Amino acid sequence: MAVEAARVNDDLIEALREIVGPRLSTSAAVCEQHGRDESYHTPHPPDVVVFAESTDEVAGIVKACARRQVPVIPFGAGTSLEGHVAALHGGVCIDLGAMDQVVAVNPEDMDATVQAGVTRAQLNTYLRDTGLFFPIDPGAEASIGGMTATRASGTNAVRYGTMRENVLALIVVLADGRVIRTSRRARKSSAGYDLTRLFVGSEGTLGVITEITLRLYGIPEAISAAVCAFPTVADAVNTVILTIQSGVPVARIELLDKRQMEAVNTYSDLEYAAAPTLFFEFHGTERAVAEQAETVQAIAADLGGENFAWATRPEDRDKLWKARHDALYASLALRPGCRGWVTDVCVPISRLAECITETTADLEKSPLIATIVGHVGDGNFHVVLLVDPDQAEEIAEAERFNERLVMRALAMDGTCTGEHGIGHGKMDFLIAEHGEAVGVMRAIKQALDPDNIMNPGKIVRV
Amino acid sequence: MRMPEPDAGIIARRSDIIAGLRKIVPGEGVIVDEDELRVYECDGLSAYRQLPLIVVLPETTAQVSAILSFCLAEGVKIVPRGAGTSLAGGTLPLADGVTVGLGKFNRILDIDYENRVVVAQSGVTNLGISDAVRHRGFYYAPDPSSQIACSIGGNVSTNSGGVHSLKYGLTTNNLLGLEMVLINGEVVHLGGKHLDSEGYDLLGLMTGSEGLLGIITEVTVRILQKPECARALLIGFSSNESAGDCVAAIIGAGIIPGGMEMMDKPAIHAAEDFVHAGYPRDVEALLIVEADGPEAEVEHLIERIEAIAKESGAVNVRISRDEEERLKFWAGRKAAFPAIGRISPDYYCMDGTIPRNKLAQVLKRIGALSKEYGLGVANVFHAGDGNLHPLILYDANKPGELEAVEEMGAKILRLCVEVGGVLTGEHGVGIEKRDLMDTMFTEDDLKQQQRVKCAFDDGHLLNPGKVYPTLHRCAELGRVHVHRGQFRFPDLPRF
Ligand SMILES: Cc1cc2nc3c(=O)[nH]c(=O)nc-3n(C[C@H](O)[C@H](O)[C@H](O)COP(=O)(O)OP(=O)(O)OC[C@H]3O[C@@H](n4cnc5c(N)ncnc54)[C@H](O)[C@@H]3O)c2cc1C
Ligand SMILES: Cc1cc2nc3c(=O)[nH]c(=O)nc-3n(C[C@H](O)[C@H](O)[C@H](O)COP(=O)(O)OP(=O)(O)OC[C@H]3O[C@@H](n4cnc5c(N)ncnc54)[C@H](O)[C@@H]3O)c2cc1C
């Protein structure tokens, strides 16, 4: 199977031009930009980038590549963090950004169908007057196609789930260029293998997703958000654990450590306390929100959390969450010129305090500069290591740190990635964690993409 | 209903196969007598019956693993079976196949309140999980009406739901991990106690796979704290349309009730005659809507739902005053199937799911079909999810009636697909909807699904004849396994 991938030649370029006309580029700058993501990983530019505008075009492009066994790398917004879009074997990058149409919104059924290039913010702007919203909000302006392909999550997964729970059906161009539809708009189905689930999180390795039908939610009657500082990270995390265990349906609960708060204050011009902090949000009826907030305030107070700063006006809430969403960029600004290495472990909630405490201690011993943020309600947190990719010793140190962190999480019955996916950055951890199941994943990859042209070198080695 | 032609060669080797299985599962775990095999001849879809070649009841994962490797080596087909309550014929035996029953996998292995997780063997009943944690105020949310009997492994295999799935999700939304055995005997662990897992979503893929990809031996599920309070409304309407409008209006108002079920007149009457739940007899449609959560919130929601109901033209609204009355409201709905069983010698339960806004339209067309075929239909459904369960009433002893029911049922399911829905919301495809799969999926869609099968079981030994109308050689599907000009499975059955 390990045949060397074929390279792009003039004949293929000609065939692609017939499909997309001038929407094709081989310029070094464009290729470079499409072979890198927002992480420390070394960029690998594709040989050519094509900008597709329809499912038919994508099908034509994939067919042309399949015939010549040339790799195809789907590209959404390029915000992934594990070298997902790196063209490890060259090939054709399909940029789906121009597929930016909202195809249909069905308010009565609370679903919407969008093209892959629509971003989450575009979708929510489009939905503004319907009283509905789409909750999943990774901290970057990602495309819905990319979010589907990485099974993305966000700050409110604790309440609304991840892409896994919120994709109802897909249109996918397969590795040989045929087009399938995985399901329908029905809210539930037990008809046949759940290919929807299989494609959600497949990172472009099984096909190109061109259309996505999503679940929408009604904007809650009442929303309120709050910020609360704690004496130590452990106190903050224990507040999270008790909140989750007491069954309070918080919509968001996010942790930022002291250094991250300093970074956020500087970057977003805010004046929060420089201390470990939780950001909360509650959704529901007026009464339910009031009751939830009271319970959480009591738990926090027991653990030394004080001065709940409330934001009930939409503009204040937006400011608060904008600061949270900008956390990565705020961290990067602490060390100009650095790149972020973002770890992504996730552990059962009962082990979260232990895992974060040990990780903080490990960090204190290491020379690395880092911040900690996390979707802690899910047991998921990120250590953002600020590294200089040109310093080999620093990268090696980060690697060792990350490996210790992942092994710590696995020993606690956790996982190496809660939301960012495998890409090519975490393939070895997948094996450490899943053992035999990786064999099944490889068999699936081989069955659905026998020539290994779809984003080769990601998730599993063939 | 055509099934793959039994392989006479396998049947001829029955005693060798029995001997092989007895080496793995000693004593009474291998069932061979006709009388005892009879127990396994059908499942909840009792219109179709077949004696299995052999039944084996393993007790450990190691035994399941040995059984599967043995069957693979011998080329023997396998039908996995939980509690056999499938309504789609998913466990219909094969004359040349071994039924592997998980009845002895009945232990709960771990209850972890801190993480709100239960780990159970796959044969534990759905209700058994809730029972094990009830004293601490917890429960397992998906609640199929068959929950006293059906197994958690069967629930995973069909992605079962229940009356509370609208708010709390189907099996797939409450499942965190699995231990399963592949056809080659390998034991695989998927997921665990943490939120999400990485790589391909094998857990999602296994959910609803109807025994075609492997045998599930252990299941990790999320448990929830019982809501502080729950109250139900019983809302009567003079037409199905206004009931449908009310469902849309409640959801449209941003309310996700704990449960929202609808019954039509024949179902209301049958249920009322059977359990005396206090349902009004003079309405065309009845909604049961439940609000759950903290007391203050429930009160507020009940008020809002009541107001919406009246705006939608409800002719009759009752609100449960206490827990006893709430349970009574539900008793009628939960007993709807046996209640229908009392008024008709036989009934056939369908399971189409449609986008919610097509409800009234589809009900009207079902009414027309009922007239056309002269067969009564009672409708109960998970209205909030758009999941219909039309029950077609018939008498199997009347010649031709089953065939008429099958034809009418197929028309109802086609109708569901036509309005943008699916063939099955929660019961699975089995043999029942197998030959209708092409109304919902194109040839390419189906081939792609079967490529997945090839990754797990390219010899089609696991539950063949279920879900897919034709078996494709995996080689034909693009994964060329031609060895010296020979296909590995030259005589794969077509049906
Ligand atoms: C500041 C910052 C914060 C972040 N926060 C979060 C967070 O909170 N939660 C989270 O989950 N992630 C987060 N991420 C990671 C990233 O935003 C997500 O992984 C996102 O889903 C990627 O979407 P994209 O459109 O940028 O995809 P890309 O980066 O373009 O692609 C990602 C992968 O998906 C494939 N792909 C893209 N589009 C398609 C398609 N249409 N069909 C098939 N395959 C496709 C690509 O081949 C690639 O393998 C963050 C990233 C940054 C930079
Ligand atoms: C009166 C009645 C009411 C019902 N109400 C509902 C309802 O409200 N909601 C609902 O969703 N369903 C309902 N059902 C259908 C049925 O109970 C469910 O489909 C249930 O999940 C089947 O579980 P089981 O253990 O009986 O599985 P079985 O019937 O034994 O098997 C079902 C399928 O799963 C496979 N399978 C079973 N166990 C395993 C295993 N361990 N490993 C691999 N494959 C396996 C079988 O091969 C078969 O294809 C009802 C059935 C009845 C009779």
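A, B, ... follow the sequence lines: proteins, then strands. Residue 1 opens every chain. Keep in mind the model is a prediction, meaning the values are calculated, not measured.
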Enquirer: Only one of A:Val440, A:Thr205, A:Leu448 forms a side chain to side chain contact (heavy atoms under 4.5 Å, CB included) with B:Tyr200, so which one is it?
Expert: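 Single pass found, and it is A:Thr205.
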Enquirer: With a 4.5 Å cut-off on heavy-atom pairs, point out which of B:Gln225, B:His300, B:Met180 contacts chain A the most.
Expert: B:His300
Enquirer: Side chain from CB out, backbone as N, CA, C, O: work out which of these in B:Tyr113 comes under 4.5 Å of a heavy atom of chain A, or both, or neither.
Expert: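 Answer is neither: B:Tyr113 stays 4.5 Å or more from chain A.
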Enquirer: Counting only non-hydrogen atoms closer than 4.5 Å, does B:Phe456 touch chain A with its backbone (N, CA, C, O), its side chain (CB onward), both, or neither?
Expert: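 Contact with chain A involves the side chain of B:Phe456 alone.
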Enquirer: Does the A:Gln245 side chain pair with the main chain of B:Glu114, one donor and one acceptor, at a distance under 3.5 Å?
Expert: yes
Enquirer: Which atoms of B:Leu203 are under 4.5 Å from chain A, going by heavy atoms: the side chain, the backbone, both sets, or neither?
Expert: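 Backbone plus side chain of B:Leu203, per the 4.5 Å heavy-atom cut-off to chain A.
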Enquirer: Any side-chain heavy atom of A:Tyr193 sitting closer than 4.5 Å to one from B:Leu212?
Expert: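 They are in contact (side-chain heavy atoms under 4.5 Å apart), so the answer is yes.
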Enquirer: With chain B as the partner, which of A:Leu206, A:Thr196, A:Ile219 has the greatest number of non-hydrogen pairs under 4.5 Å?
Expert: A:Leu206
Enquirer: Sequence neighbours left out, what passes side-chain contact (heavy atoms from CB on, under 4.5 Å) with A:Glu294? Give chain and number order.
Expert: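 With sequence neighbours excluded, A:Glu294 shows a side-chain contact (heavy atoms from CB on, under 4.5 Å) to no residue whatsoever.
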Enquirer: Tell me, for B:Glu186 versus chain A, whether the close heavy atoms (under 4.5 Å) come from the side chain, the backbone, both or neither.
Expert: side chain
Enquirer: Please classify the contact of A:Ser246 with chain B as side chain, backbone, both or neither, using a heavy-atom distance under 4.5 Å.
Expert: backbone
Enquirer: Look at A:Glu221 together with B:Arg304 and state whether they make a salt bridge at an N to O cut-off of under 4.0 Å.
Expert: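 Counted as a salt bridge, because a side-chain N and a carboxylate O are separated by less than 4.0 Å.
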Enquirer: Where on B:Lys433 is there a heavy atom nearer than 4.5 Å to chain A: the side chain, the backbone, both, or neither?
Expert: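 The answer is neither part of B:Lys433.
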Enquirer: Under a 4.5 Å cutoff for heavy-atom pairs, which residue among B:Leu224, B:Val429, B:Leu166, B:Asn159 has the most contacts with chain A?
Expert: B:Val429
Enquirer: Looking at chain A, which one of B:Gly428, B:Gly208, B:Ser160, B:Gly420 has the largest number of heavy-atom pairs inside 4.5 Å, strictly under?
Expert: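 Counting heavy-atom pairs under 4.5 Å, the top option is B:Gly420.
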Enquirer: Looking at A:Asn106, A:Val438, A:Asp413, A:Val179, which makes the most heavy-atom pairs under 4.5 Å with chain B?
Expert: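 Looking at each option in turn, the highest pair count goes to A:Asp413.
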Enquirer: What part of B:Gln449 lies closer than 4.5 angstrom to a heavy atom of chain A: side chain, backbone, both or neither?
Expert: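 When you check distances to chain A, atoms from both the backbone and side chain of B:Gln449 fall under 4.5 Å.
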Enquirer: Between B:Gly384, B:Ala248, B:Gly421, which shows the greatest number of heavy-atom pairs under 4.5 Å with chain A?
Expert: B:Gly421
Enquirer: Would you say the side chain of B:Arg356 lies within less than 4.5 Å of the side chain of A:Asp109, judging by non-hydrogen atoms?
Expert: yes
Enquirer: Shorter than 4.5 Å, heavy atoms on both sides: which option in A:Gly131, A:Gly379, A:Ser202, A:Ala290 has the most such pairs with chain B?
Expert: A:Ser202
Enquirer: Would a 4.5 Å heavy-atom cut-off, applied to side chains only, mark B:Glu297 and A:Arg287 as touching?
Expert: no
Enquirer: Contact part of A:Ile444 toward chain B, heavy-atom cut-off under 4.5 Å: side chain, backbone, both or neither?
Expert: both
Enquirer: For residues A:Gly192 and B:Val467, report the shortest heavy-atom separation together with the two atoms involved.
Expert: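 Distance-wise, the nearest heavy atoms are CA-CG1, 4.0 Å.
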Enquirer: Heavy-atom pairs under 4.5 Å with chain B are the metric here; pick the option from A:Ala437, A:Gly218, A:Ser350, A:Gly439 that has the most.
Expert: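 With the most close heavy-atom pairs to chain B, the winner is A:Ser350.
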Enquirer: Is any side-chain heavy atom of A:Ser183 closer than 4.5 Å to a side-chain heavy atom of B:Val422?
Expert: yes
Enquirer: Taking the side chain as every heavy atom from C-beta outward, state whether B:Thr442 and A:Arg181 have any pair of such atoms under 4.5 Å apart.
Expert: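 No, every pair of side-chain atoms sits at 4.5 Å or beyond.
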Enquirer: For A:Asp176, is it the side chain, the backbone, both or neither that has a heavy atom under 4.5 Å from a heavy atom of chain B?
Expert: side chain
Enquirer: Any heavy-atom pair between the side chains of B:Thr207 and A:Asp194 that's under 4.5 Å?
Expert: no
Enquirer: For a quick test of reading the model, state the closest non-hydrogen atom pair linking B:Ala296 to A:Glu291 and the distance between them.
Expert: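 It is CB-OE1, 3.8 Å.
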Enquirer: Output yes when a side-chain donor or acceptor of B:Asp444 lies under 3.5 Å from a complementary backbone atom of A:Ile180, and no otherwise.
Expert: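 Absent.
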Enquirer: Which bit of B:His382 comes within less than 4.5 Å of chain A, counting heavy atoms only: side chain, backbone, both or neither?
Expert: side chain
Enquirer: Taking B:Asp201 first and then A:Arg164, would you say they form a salt bridge - that is, a charged N and a carboxylate O separated by under 4.0 Å?
Expert: yes
Enquirer: By a 4.5 Å heavy-atom criterion (distance strictly below it), what part of A:Ile244 contacts chain B: side chain, backbone, both, or neither?
Expert: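 Looking at A:Ile244, just its backbone touches chain B.
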Enquirer: Not counting sequence neighbours, which residues clear side chain to side chain donor-acceptor pair (under 3.5 Å) with B:Asn387? List them please.
Expert: A:Lys188, B:Asp351, B:Thr353
Enquirer: With respect to chain A, which residue among B:Leu423, B:Val417, B:Val419 yields the maximal number of heavy-atom pairs within a distance under 4.5 Å?
Expert: B:Val417
Enquirer: Heavy-atom distance under 4.5 Å to chain A: side chain of B:Met206, backbone, both or neither?
Expert: neither
Enquirer: For A:Phe199, which atoms come within 4.5 Å of any heavy atom of chain B: side chain, backbone, both, or neither?
Expert: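 Side chain only.
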Enquirer: Determine whether more than 12 heavy atoms belonging to other residues, nucleotides or ligands lie under 6.0 Å from atom CD of A:Glu436.
Expert: yes
Enquirer: Can you tell me which portion of B:Thr172 sits under 4.5 Å from chain A's heavy atoms? Options are side chain, backbone, both or neither.
Expert: both
Enquirer: Using non-hydrogen atoms and a 4.5 Å limit, figure out which bit of A:Ile459 sits close to chain B: side chain, backbone, both or neither.
Expert: side chain
Enquirer: Select, from B:Ile256, B:Val187, B:Asp385, B:Ile251, the one with the greatest count of heavy-atom pairs under 4.5 Å involving chain A.
Expert: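 Option with the greatest count: B:Asp385.
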Enquirer: So which part of B:Thr158 gets closer than 4.5 Å to some heavy atom of chain A, the side chain, the backbone, both or neither?
Expert: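 For B:Thr158, backbone heavy atoms alone lie under 4.5 Å from chain A.
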Enquirer: Can you tell me if A:Arg151 uses its side chain to pair, donor with acceptor, with the backbone of B:Gly199 under 3.5 Å?
Expert: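 Such a contact is found between A:Arg151 side chain and B:Gly199 backbone.
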Enquirer: Find out whether A:Thr182 and B:Asp445 are in side-chain contact, i.e. whether some heavy atom of one side chain is under 4.5 Å from a heavy atom of the other.
Expert: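 A:Thr182 vs B:Asp445: side chains apart.
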Enquirer: Report yes if the side chains of A:Arg178 and B:Gln448 come closer than 4.5 Å at any heavy-atom pair, otherwise no.
Expert: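 Yes. Closest side-chain heavy atoms under 4.5 Å.
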